Amino acid sequence: MGLGNVFLNDLIELKQKGALDGSTRVMEIGAQQISDSLMIAPGLPEAYRLFGCASPPVLTPVGTENFTKSAPSSAPFWSALGFVRSAIDVEGDAIRIDLNRGKVPRRLRGAFDLVVNAGTTEHVANQMNAFRIIHHLVRVGGIMYHELPAGGLIDHGLVGYQPKFFNMLANFNGYEALYIRFTAWGPAKIPEYLRKQNPVGGDTVIDCSIRVALRKLHHLPFVCPFDAGDGAPQPWLTILHRTLKNLSLRKSRPGAEAFRPGASG
């Protein structure tokens with residue numbers, strides 16, 4: 001998992017628009033490494049200037065074939081930008097939270113200004129829990145950034161993502177969607193076992209990723225979106241419904257947990 005040139009450009013834009021002003025705490029969903037494309041990116045000096053970095057770290061490209069074993073951790077990069085970096089992962093010195101079944105410890109709830117999911121949640125089967133964890137980690141006013149598979153990338157992970165998923169995620173949770181963007185990386189070979197089963201389906205697909213920046217606006221429980229009808233409810237309707245539901249639950253009235261689509265927590 002790596003932070004590259006495209007991510008850097010998005011980070012610069014978020015800073016230029018003021019979305020990261022005063023931000024000092026970043027949580028990575030999956031401990032990231034720095035890719036060669038970021039190390040040699042034309043925008044890297046601008047990023048250091050915007051974040052007030054007086055002493056940039058020395059980052060040496062390692063070659064794409066050596067990325068997994070030799071690319072540096074993202075920690076020096078974040079430190080240079082003035083962030084205290086934390087990470088959730090299954091190895092190293094990262095914080096251990098099971099994205100499938102775990103919960104965010106109380107001490108970490110709302111503790112981060114920026115949460116970066118740059119190629120991790122596609123490897124998790126329980127999407128509801130993974131995105132609930134992200135929701136709980138970020139503070140109100142903080143940014144959730146996603147860079148994830150959206151087409152092609154066959155067998156890269158367990159799932160791929162549609163723009164509708166993030167539109168509905170934003171609507172159901174009252175997030176502000178700062179942007180939803182696509183990157184097409186070019187053609188890639190379809191795995192041989194699939195080509196054998198689909199002899200008339202062609203040999204390649206276009207690998208694409210989706211990049212999303214969302215701002216959390218409210219102290220409200222997470223709601224898992226669902227796809228029905230013409231789309232999700234308007235954000236203010238969702239917030240009103242959830243507020244009324246929370247008031248009902250506090251009074252412990254019978255039937256307060258009556259069914260509605262989407263789960264909260």
Side-chain angles (χ1 to χ4, degrees), residues 1 3 7 10-32 51 74-75 77-79 81-89 94-124 126-148 161 165-181 210-225 232 235 238-239 242-243 246 262-265:
M1 297 173 287
L3 304 180
F7 167 78
D10 288 342
L11 190 71
I12 289 171
E13 181 179 339
L14 289 170
K15 180 63 174 176
Q16 289 173 333
K17 290 183 174 180
L20 297 177
D21 286 355
S23 296
T24 59
R25 301 161 299 173
V26 60
M27 170 64 84
E28 294 178 336
I29 306 300
Q32 300 294 308
F51 284 90
S74 65
F77 170 74
W78 287 118
S79 180
L81 299 185
F83 284 86
V84 176
R85 174 255 199 187
S86 301
I88 291 171
D89 213 322
I95 298 168
R96 302 290 197 275
I97 299 177
D98 183 347
L99 296 178
N100 270 313
R101 297 181 298 176
K103 295 182 179 180
V104 176
R106 188 168 298 276
R107 64 184 176 83
L108 297 179
R109 291 200 171 203
F112 299 94
D113 306 299
L114 173 64
V115 178
V116 175
N117 174 28
T120 297
T121 57
E122 73 268 28
H123 302 287
V124 178
N126 191 341
Q127 293 291 296
M128 177 177 174
N129 199 62
F131 282 86
R132 179 192 282 125
I133 284 172
I134 292 170
H135 175 90
H136 285 164
L137 287 167
V138 73
R139 66 169 174 83
V140 172
I143 303 298
M144 296 161 282
Y145 178 89
H146 306 278
E147 184 177 5
L148 299 165
Y161 295 87
F165 173 82
F166 289 102
N167 276 317
M168 289 190 169
L169 184 71
N171 277 343
F172 273 77
N173 289 281
Y175 300 154
E176 178 186 2
L178 301 180
Y179 58 75
I180 299 176
R181 296 170 176 164
I210 191 169
R211 293 141 47 219
V212 182
L214 305 171
R215 194 196 321 259
K216 182 178 177 180
L217 298 179
H218 307 281
H219 284 292
L220 290 170
F222 177 76
V223 174
C224 186
T238 301
I239 294 165
R242 291 161 66 192
T243 301
N246 288 340
S264 64

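Heads up: numbering here begins at 1 and tracks the sequence. All values derive from a computational prediction rather than experimental measurement.
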Taking distance alone, no hydrogens or angles, what donor-acceptor pairs closer than 3.5 Å link side-chain atoms of residues 14-21 to residues at least two apart or in another chain?
| unit_1 | atom_1 | unit_2 | atom_2 | d |
| --- | --- | --- | --- | --- |
| K17 | NZ | E13 | OE2 | 2.8 |

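- Counting all heavy atoms, side chain and backbone alike, S86 lies closest to I95 at CB-CD1, 4.3 Å.
- When all heavy atoms of Q32 and G30 are compared, the closest pair comes out as NE2-O, 2.9 Å.
- Note that CZ of R211 and OH of Y179 are 6.5 Å apart. Values are rounded to the nearest 0.5 Å.
- Ring to ring, F131 and F172 are not that close: their centroids are 6.0 angstrom or more apart.
- Applying the salt bridge (Lys or Arg N to Asp or Glu O under 4.0 Å) criterion to E147, with sequence neighbours excluded, gives no partner residue.
- Applying the ring pair (Phe, Tyr, Trp, His ring centres under 6.0 Å) criterion to F166, with sequence neighbours excluded, gives H146, Y161.
- For R85, the side chain to side chain donor-acceptor pair (under 3.5 Å) partners at least two apart in sequence or on another chain are E28, S74.
- Nearest heavy atoms, S23 versus R139: OG-NH2, 4.1 Å.
- Counting heavy atoms of neighbouring residues, nucleotides and ligands inside a 6.0 Å radius, atom CZ of R96 exceeds 12 of them.
- Between W78 and F83, the ring-plane angle classifies as perpendicular under the 30° and 60° cut-offs.
- In this structure, NZ on K216 lies 15.0 Å from CD on E176, to the nearest 0.5 angstrom.
- Between L11 and L114, some side-chain heavy-atom pair lies under the 4.5 Å cut-off.
- Residues L178 and I143 have side chains in contact (heavy-atom distance under 4.5 Å, counting atoms from C-beta outward).
- Summarising the geometry of F222 relative to M128, their closest heavy-atom pair is CE2-O, 3.6 Å, with the distance given to 0.1 Å.
- For the atom pair L137 CG and N117 CG, the distance stands at 11.0 Å (nearest 0.5 Å).
- Taking the salt bridge (Lys or Arg N to Asp or Glu O under 4.0 Å) definition, one finds that R107 meets it with nothing, sequence neighbours left out.
- Between the D89 side chain and the A31 main chain, a donor and an acceptor come within less than 3.5 Å of each other.
- Side chain of D113 to backbone of G142: no donor-acceptor contact under 3.5 angstrom is found.
- At a threshold of 4.5 Å between non-hydrogen side-chain atoms, the residues L214 and N173 do not count as touching.
- Distance check: I97 CD1 to M27 CE gives 6.0 Å after rounding to the nearest 0.5 Å.
- Residues meeting the side-chain contact (heavy atoms from CB on, under 4.5 Å) test with N129, sequence neighbours left out: N126, R132, I133.
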- Message: Run the side-chain contact (heavy atoms from CB on, under 4.5 Å) test on L169 and V212 for me, step by step, so that the C-alpha distance in whole Å, both residues' side-chain angles and the decisive distance to 0.1 Å come before the verdict.
- Response: CA-CA 11 Å; L169 184 71; V212 182; over 6 Å; no
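- Between the side chain of H135 and the backbone N or O of L220 there is at least one donor-acceptor pair closer than 3.5 Å.
- I88 CD1 to I29 CD1: the interatomic distance, rounded to the nearest 0.5 Å, is 4.0 Å.
- To the nearest 0.5 Å, atoms CZ (F51) and CD1 (I12) are separated by 8.0 Å.
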